[in-house]
Amino acid sequence: GENVEQHPSTLSVQEGDSAVIKCTYSDSASNYFPWYKQELGKGPQLIIDIRSNVGEKKDQRIAVTLNKTAKHFSLHITETQPEDSAVYFCAASPHFGNEKLTFGTGTRLTIIP
Amino acid sequence: NAGVTQTPKFQVLKTGQSMTLQCAQDMNHEYMSWYRQDPGMGLRLIHYSVGAGITDQGEVPNGYNVSRSTTEDFPLRLLSAAPSQTSVYFCASSPSPRAVYEQYFGPGTRLTVT
């Protein structure tokens, strides 16, 4: 089955700096890669996703890049703000959808004011 | 819309007890799923359903049962609780399993088995 590794497990950055979280996956059949943000006491919320036919996707201050050859994808957050502090999860699916998502182990991001 | 609702928010069980975690969505979503979240392990899929009357096992199904008699409800049953089932449980739904739609998560149920 699919295996998704996520690094780092914790990350602290100064407010205004950029944060990068990286994930690698094992199943070359995976085609859909979402990223979730989980705030304290809440369920994960989708923040951005990318399909295998796209190399990069941006949405305001967040972007995701995908390298299918190397089987890794990354989340980039620029101009970080205190409200970006949360746990972030990457995931991978063998379909263009949510069926049988395999999640990474999470990254706790702390923005230092 | 209330979205995805889960009850209870917190539960403490003794080893061997059984209980049902409730999950409901009011968005007419086809796909529903249950995950457990443990420290350092991310979310792991327990069971999922692609429509009423259809369920299938995920990554960690042992010790859990599900049913999907209606589109709205997807309860998770613990047959005989064990300390290893102490976890935070999340229910999620999306319009379709095989399309790129946002998966909506409920607020979670924190279960402790003593």
Side-chain angles (χ1 to χ4, degrees), chain A residues 1-10 21 23-27 29-54 57 59 64 66 75 86-108, chain B residues 2-10 21 23-25 27 29-51 54-61 74 87-110:
Chain A
E2 174 67 279
N3 181 50
V4 178
E5 295 189 358
Q6 183 171 347
H7 299 281
S9 56
T10 60
I21 303 170
C23 289
T24 61
Y25 61 99
S26 61
D27 189 350
S30 286
N31 283 312
Y32 174 61
F33 308 92
W35 285 89
Y36 292 86
K37 177 183 181 182
Q38 185 177 26
E39 296 176 338
L40 194 63
K42 297 184 179 180
Q45 183 176 15
L46 179 72
I47 54 172
I48 195 168
D49 55 15
I50 192 167
R51 309 183 207 188
S52 62
N53 56 350
V54 175
K57 185 177 179 180
D59 184 3
V64 58
L66 171 65
L75 177 71
V87 179
Y88 291 82
F89 291 96
C90 63
S93 170
H95 308 287
F96 285 119
N98 297 301
E99 188 176 347
K100 291 192 175 181
L101 276 173
T102 300
F103 283 80
T105 51
T107 296
R108 182 173 298 279
Chain B
V4 180
T5 58
Q6 290 183 239
T7 56
K9 288 190 189 308
F10 302 95
L21 307 185
C23 174
Q25 52 89 12
M27 299 172 282
H29 284 176
E30 289 182 26
Y31 180 80
M32 297 186 74
S33 56
W34 276 102
Y35 293 88
R36 59 177 290 172
Q37 184 177 36
D38 302 295
M41 299 189 75
L43 290 91
R44 291 182 292 169
L45 183 65
I46 304 171
H47 286 284
Y48 65 97
S49 169
V50 300
I54 307 169
T55 64
D56 206 346
Q57 295 181 351
E59 183 185 352
V60 288
F74 191 44
S87 188
V88 180
Y89 292 84
F90 289 100
C91 178
S93 75
S94 75
S96 174
R98 288 177 178 262
V100 183
Y101 291 107
E102 182 170 353
Q103 183 163 211
Y104 296 88
F105 283 83
T109 294
R110 184 174 293 275

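Throughout, a chain's letter reflects where its sequence line sits, starting with A, and its residues are numbered from 1.
For A:Gln38, the part sitting under 4.5 Å from any heavy atom of chain B is the side chain, from C-beta outward, and nothing else. Heavy atoms of B:Leu45 lying under 4.5 Å from chain A belong exclusively to its side chain. Looking at B:Gln37, only its side chain comes within 4.5 Å of chain A, counting heavy atoms on both sides.
Evaluated for a side-chain contact (heavy atoms from CB on, under 4.5 Å) with A:Pro44, the options B:Phe90, B:Tyr104, B:Tyr35 yield exactly one hit, B:Phe90.
Ranking A:Gly43, A:Ser9, A:Ala91, A:Gly1 against chain B, the residue ahead of the rest is A:Gly43, based on heavy-atom pairs under 4.5 Å.
Enclosure of atom CD1 in B:Ile54 by more than 12 non-hydrogen atoms of other residues, nucleotides or ligands within 6.0 angstrom is indicated.
For the atom pair A:Gln45 CD and B:Gln103 CD, the distance stands at 13.0 Å (nearest 0.5 Å). One finds the CG atom of B:Asp38 at 12.5 Å from the OG1 atom of A:Thr105 (value rounded to the nearest 0.5 Å). B:Arg44 CZ to A:Thr102 OG1: the interatomic distance, rounded to the nearest 0.5 Å, is 12.0 Å.
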